[in-house]
Amino acid sequence: MSYDPALAALAERSIRLITGMQTPEGAYPASPTFSAYVGYSWLRDGAFIADGASVAGQVESASRFFDWCAAVTVRRAEKIRWIVEESRAGRPPGPEHMLPARFTFAGDDGADEWWDFQLDGYGTWLWALVEHLERHGLDGERYREAAQLTAEYLLVSWERPCYDWWEEHSQHVHVSTLACIAAGLEAVARAGLVDDATVRAIGDETARLRRLVAERGTKDGHLIKWLGSTAVDGSLAAAIAPLGFTDAASDVARRTIDVLEAHLFVDGGVHRYLGDTFFGGGQWPLLTCFLGLAHLAAGDRERAEELLQHAAATATPELDLPEQVPGHLIAPGMRQAWIDRWGPVATPLLWSHAMFLRLGIALDRIDPAALAAPQTAAQEETLA
Ligand code: BGC
């Protein structure tokens, strides 16, 4: 174990942002100041933020987020039951009737137009919840109703095309979305948070899902962006780790990591996908961390360490981690148009901070005990 003192201040800043910005309701804001995200919490970002907080020893903060997810879900019980019944009857409701990707802190649907039909976050919050309960030996009884509702929702809808992690390409079925769904369903079945019939249904449906990914979500031996595609997406690293959907020791994992490195890692950072134009299509430190976690799970500690350092190097002088950096742009001509529309890149992005913590702690380069410790007044001042 060798903690890296150079990372300690960024780690402390990360945990301060995550716990300090968590709302009284338990939600984690995606980014406090970015115009298009202000006032919203995403299940996807939030689940990975809670996972980072949980690993960092912030047990109560993570639990409060999962309580918020449960409340948000149970509040929609009637709607979820309707979606499930209609879907089972062969009348799946249109995307506009499905559950949203993000909520206001109070747990309401947003009033702004958004690319809302995304299924991944519903799997990811279940996965992160069970990891958290198991990691800290907590009782999951109070999540039973929300887990049951979320599992039923996913069981009837997992095969549907929907927006991906990047809120794009809604006409496709995305492989990283499937990985999130399977990881979440398998987690709640394992933890016994759903009834017996649902455990059996999860066994059947995830077996089908895995066959589908093997047949149409894999090409040339590696995972691909969506069923039938040939390209990769940075989010696929998560299927290997931390989600564990793809066995890190498998040939598919090895090959996926190789292709992600070859196609998406450029000049110290990982792109979302070739063809990305959002803010010019820069490199995302959170994806650099996901790739690091995949390498670590597959046994390449050295490369994982390099990726951690690359991610840390994107921090601003104030120790904020951005959503993306413009070190290498795929579509430089598109950058200004996004700045004109939404302002500068989201900074800080809490999800970036969470992934930095997650990888740094997995590598034993960040000491979670030091993070959980109360701050001294002097530390409070430096980080303010
Ligand atoms: C990203 C999403 C993310 C959201 C909030 C979007 O630009 O594409 O993955 O959930 O921002 O951080």
Side-chain angles (χ1 to χ4, degrees), residues 14 17-18 21-23 27-52 65 69 72 99-105 110 112-125 128 162-170 172 174-177 179-180 225-226 233-239 243 264 269-273 275-291 314 320-326 329-331 334-335 337-339 341-356 358:
S14 298
L17 281 172
I18 289 171
M21 296 205 165
Q22 185 168 25
T23 72
Y28 292 119
S31 179
T33 47
F34 185 64
S35 66
Y37 304 170
V38 165
Y40 286 100
S41 179
W42 273 252
L43 287 183
R44 171 181 42 260
D45 299 42
F48 284 119
I49 295 166
D51 186 57
F65 176 74
C69 294
V72 154
L99 302 177
R102 62 178 200 168
F103 302 91
T104 66
F105 304 147
D112 313 288
E113 280 282 297
W114 203 254
W115 305 271
D116 255 323
F117 179 34
Q118 305 169 27
L119 292 168
D120 61 282
Y122 288 88
T124 310
W125 96 259
C162 66
Y163 289 106
D164 64 5
W165 274 34
W166 316 128
E167 323 199 294
E168 295 176 341
H169 300 114
S170 62
H172 292 295
H174 302 275
V175 173
S176 47
T177 295
C180 295
K225 187 166 166 62
W226 56 66
D233 187 284
S235 60
L236 290 169
L243 296 172
L264 299 182
V270 174
H271 289 288
R272 298 197 298 182
Y273 62 95
D276 189 7
T277 59
F278 185 54
F279 280 87
Q283 305 121 306
W284 287 49
L286 68 91
L287 289 179
T288 307
C289 293
F290 274 112
L291 185 58
T314 65
D320 286 342
L321 288 172
E323 182 179 63
Q324 61 169 283
V325 287
L329 293 173
I330 291 174
M334 293 296 292
R335 185 170 169 80
W338 279 102
I339 295 175
R341 180 174 173 189
W342 278 356
V345 166
T347 313
L349 187 84
L350 267 56
W351 187 11
S352 299
H353 283 276
M355 297 318 300
F356 162 72
R358 187 68 171 75

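Heads up: numbering here begins at 1 and tracks the sequence. Model, not experiment: these values are computed from the prediction. Whatever order the structure lists ligands and atoms in, that order sets their numbers, starting from 1.
Of all the atoms in ligand 1, the ones that sit under 4.0 Å from a non-hydrogen atom of Trp351 are 9 (O). Taking a cut-off of under 4.0 Å to the non-hydrogen atoms of Leu349, the atoms of ligand 1 that pass are 12 (O). Near Glu167, meaning under 4.0 Å from one of its heavy atoms, ligand 1 places the atoms 6 (C). Set against the non-hydrogen atoms of Ala30, the atoms of ligand 1 under 4.0 Å away are 5 (C), 12 (O).
No salt bridge links Arg102 with Glu167; every basic N to acidic carboxylate O contact stays at or beyond 4.0 Å.
Glu323 counts as a contact of ligand 1, since one of its heavy atoms falls under 4.0 Å from the ligand. Under the 4.0 angstrom criterion for non-hydrogen atoms, Arg272 is in contact with ligand 1. Proximity of Tyr40 to ligand 1 is not established, as no heavy-atom distance is less than 4.0 Å.
Here the side chain of His174 pairs a donor or acceptor atom with the backbone of His169 at under 3.5 angstrom. In this structure a side-chain-to-backbone donor-acceptor pair under 3.5 Å is missing from Glu323 to Leu349. Without hydrogens or angle criteria, Thr288 side chain to Val270 main chain gives a donor-acceptor distance under 3.5 Å. Side chain of Ser41 to main chain of Tyr28: a donor-acceptor pair is present (N/O by atom type, distance under 3.5 Å, no hydrogens or angles). Side chain of Ser352 to backbone of Pro322: a donor-acceptor contact under 3.5 angstrom is found. Between the side chain of Arg44 and the backbone N or O of Trp165, at least one donor-acceptor pair lies under 3.5 Å.
Closest to atom 10 (O) of ligand 1, if we only count protein heavy atoms, is Asp45 OD1, 2.6 Å. For atom 9 (O) of ligand 1, the nearest non-hydrogen atom of the protein is Trp165 O, 2.6 Å.
At a 3.5 angstrom cut-off on N or O pairs, Trp284 does not count as close to ligand 1. Looking at ligand 1, you'll find an N or O of Arg44 within less than 3.5 Å of one of its N or O atoms.
Under 4.0 angstrom from ligand 1, the non-hydrogen atoms of Trp166 come from both its backbone and its side chain. In Glu168, neither the side chain nor the backbone holds a heavy atom less than 4.0 Å from any atom of ligand 1.
For the side chain to side chain contact (heavy atoms under 4.5 Å, CB included) with His271, the lone residue among Leu329, Asp233, Ile330 that qualifies is Ile330.
Between the choices Trp342, Phe34, Tyr37, Phe278, the shortest heavy-atom distance to atom 7 (O) of ligand 1 belongs to Tyr37.
Asp112 and Tyr40 share a side-chain donor-acceptor pair at under 3.5 Å.
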